[in-house]
Asker: 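Could you have a look at this structure, given as structure tokens, before my questions?
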Amino acid sequence: MAYTRNEIIELLRLEGKDKEALFREAAALRDETIGTKVYLRGLIEYGNVCTKDCLYCGIRRSGDTPRYTLDRQQVLAAARFAYESGYGSIVIQGGEIHSERHIDTIEQLLRDVAALSSGRLGVTLSLGEQSYETYARWREAGAHRYLLRIEASNRDLYAKIHPDDGMHSFDRRVKALEDLRETGYQVGTGVMVGLPWQTTGDLADDLLFMRSIDIDMCGMGPYIVSDGTPLAAYPGPIAPPGHRLDMTLKMISVLRLMMPDINIAAATALQAIDRDGRRTALACGANVIMPNISPEDAKHSYTLYNGKSTVADNSIGDLQAAWNENGDSLHFRRR
Ligand code: SAH
């Protein structure tokens with residue numbers, strides 16, 4: 001559906017029965033377009049060392065969180081677990097590092113992961129902004145999807161939630177998304193929902209941004225305060241958790257109606273507000289879930305926001321999972 005900005009704002013304001021109808025319509029369109037099965041991505045939290053200083057993030061450079069990086073054996077053990085459990089794909093996510101050593105290490109890991117699954121395990125990376133050459137090297141080594149949230153597509157809002165230290169540029173982030181496309185990845189982006197200063201108009205623009213760059217995948221979740229970060233000291237009110245959850249669900253539904261054949265993840269942050277948050281998102285049009293398969297210590301040190309390390313529920317339960325499928329986005333395959 002090619003909605004206008006005003007139409008999107010109206011949809012994002014729906015409440016009660018109309019909102020429920022929106023959720024159902026989005027889920028029905030997903031079922032019809034890409035099927036009822038949920039893709040599984042085993043999430044490996046590679047490390048929390050980061051050169052960036054994002055004002056909302058618990059692993060920002062200036063924070064005092066103890067740092068860790070998984071070693072090769074830990075990553076490969078998690079990847080093997082995902083492969084043998086039939087998850088079909090993994091996500092390697094972590095802080096943004098640009099050193100040659102880091103780039104080499106990831107490249108080698110990607111080759112090892114490809115070898116242990118004969119290239120069958122889907123691999124998504126989420127390691128921040130890198131150079132065109134780095135993206136190309138990692139693509140060549142076996143990664144084929146990349147998740148880089150724009151975080152906020154309004155450049156003024158982006159500037160408010162990132163420091164003005166020369167390291168955080170809206171334009172560079174957009175350029176990174178273009179580089180990912182050019183180097184052959186399935187490209188995923190997303191935003192945080194319920195940020196300070198954010199308006200419903202901003203959220204509508206976020207969805208229009210995603211459509212304009214023709215994304216293959218999306219991961220968006222509620223903003224959750226992370227104690228000790230500069231944004232946690234924001235003096236104004238932020239929307240209550242239930243509202244942020246609800247708004248995220250509406251964002252997922254509207255995006256599904258706008259881009260029926262993309263992959264949309266039920267973000268982990270939903271679970272920090274509501275135990276069933278991710279499952280609810282699946283009933284609103286999302287089709288990807290990312291069970292955390294990081295080693296226990298890492299789970300507790302990868303502290304993006306409050307309440308994250310207590311997120312324990314990885315149960316796939318009665319979900320209709322797409323076992324052993326690598327889960328490429330239909331949008332990408334049709335391209
Ligand atoms: N370094 C990578 C991965 C970042 S962490 C990158 O830059 O892409 C993954 C995501 O966690 C971020 O994109 C951000 O949207 C989300 N995140 C960080 N802090 C958060 C918070 N306080 N509340 C909700 N989500 C947050």
Side-chain angles (χ1 to χ4, degrees), residues 41 43-63 65 67 69 91-98 102 106 124-130 134-135 138 143 145-153 157-158 160-163 167-170 172-177 179-180 185 187-196 198 206 210 215 217-234 238-239 241 244-245 247-248 251 265-273 277-278 290 292 294 298-299 301-309 311:
R41 317 250 183 267
L43 175 64
I44 304 175
E45 294 160 332
Y46 174 71
N48 63 0
V49 178
C50 194
T51 56
K52 292 293 193 76
D53 222 7
C54 307
L55 302 180
Y56 45 84
C57 184
I59 66 166
R60 61 198 299 268
R61 180 184 69 225
S62 309
T65 189
R67 305 291 164 167
T69 305
V91 180
I92 300 177
Q93 186 178 82
E96 181 172 318
I97 305 171
H98 308 116
H102 174 70
I106 297 294
T124 305
L125 293 181
S126 180
L127 298 169
E129 292 162 44
Q130 302 287 343
T134 299
Y135 286 149
W138 289 349
R145 296 192 275 256
Y146 206 104
L147 197 57
L148 184 77
R149 288 184 176 179
I150 191 69
E151 313 294 0
S153 70
L157 179 54
Y158 187 93
K160 285 184 174 143
I161 62 172
H162 295 99
M167 287 278 294
H168 300 73
S169 146
F170 179 80
R172 225 177 303 128
R173 204 148 179 98
V174 173
K175 167 76 165 54
L177 287 166
D179 288 348
L180 286 165
Y185 288 86
V187 178
T189 193
V191 296
M192 285 173 285
V193 178
L195 286 164
Q198 190 181 52
D206 288 337
M210 294 181 209
I215 55 168
M217 351 182 270
C218 176
M220 55 189 163
Y223 164 66
I224 314 269
V225 170
S226 182
D227 285 340
T229 58
L231 210 57
Y234 172 73
I238 60 167
R244 277 176 276 143
L245 176 73
M247 194 51 112
T248 305
M251 287 285 283
T268 312
L270 289 162
Q271 208 93 342
I273 295 186
R278 289 187 300 181
M290 304 193 291
N292 194 333
S294 310
K299 274 186 200 165
S301 304
Y302 195 71
T303 47
L304 299 175
Y305 42 78
N306 293 357
K308 197 223 139 234
S309 60
V311 173

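Only this structure's heavy atoms are used, side chains among them; waters, hydrogens and symmetry mates stay out. Quick caveat: nothing in here was measured; it's all calculated off a predicted structure. Whatever order the structure lists ligands and atoms in, that order sets their numbers, starting from 1.
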Asker: Quick one: look up the protein heavy atom nearest atom 17 (N) of ligand 1 and list residue, atom name and how far away it is.
Answerer: Met192 SD, 4.0 Å
Asker: Quiz question for you: does at least one protein heavy atom lie closer than 4.0 Å to atom 26 (C) of ligand 1?
Answerer: yes
Asker: Please report which non-hydrogen protein atom sits nearest to atom 11 (O) of ligand 1, along with the residue it belongs to and the distance in Å to one decimal place.
Answerer: Leu304 CD1, 3.5 Å
Asker: Holding to side-chain contact (heavy atoms from CB on, under 4.5 Å), I want the full list of residues that pass it with Arg67, two or more places apart in sequence or in another chain.
Answerer: Asn48, Val49, Ile59, Thr65
Asker: Among all protein non-hydrogen atoms, which one is nearest to atom 16 (C) of ligand 1, and what is the separation to 0.1 Å?
Answerer: Arg149 NH1, 3.7 Å
Asker: For atom 7 (O) of ligand 1, which protein heavy atom lies nearest, and how many Å away is it?
Answerer: Arg173 NH2, 3.3 Å
Asker: Can you list the ligand 1 atoms lying under 4.0 Å from a non-hydrogen atom of Leu148?
Answerer: 8 (O)
Asker: Identify the closest protein heavy atom to atom 14 (C) of ligand 1: which residue and atom is it, and at what distance?
Answerer: Glu151 OE1, 3.4 Å
Asker: Applying side-chain contact (heavy atoms from CB on, under 4.5 Å), can you list everything that pairs with Ala265, at least two apart in sequence or on another chain?
Answerer: Val288
Asker: For Gly219, is the nearest heavy atom under 4.0 Å from an atom of ligand 1?
Answerer: no
Asker: Does a side-chain N-to-carboxylate-O contact under 4.0 Å join Arg173 and Glu129?
Answerer: yes
Asker: For atom 3 (C) of ligand 1, grab the closest protein heavy atom and report residue, atom and distance to one decimal in Å.
Answerer: Gly94 O, 3.6 Å
Asker: Look at atom 19 (N) of ligand 1 and say which protein heavy atom is nearest, naming residue and atom and giving the distance to 0.1 Å.
Answerer: Tyr56 CD1, 3.4 Å
Asker: Determine whether the aromatic ring centres of residues Tyr223 and Tyr56 are separated by less than 6.0 angstrom.
Answerer: no
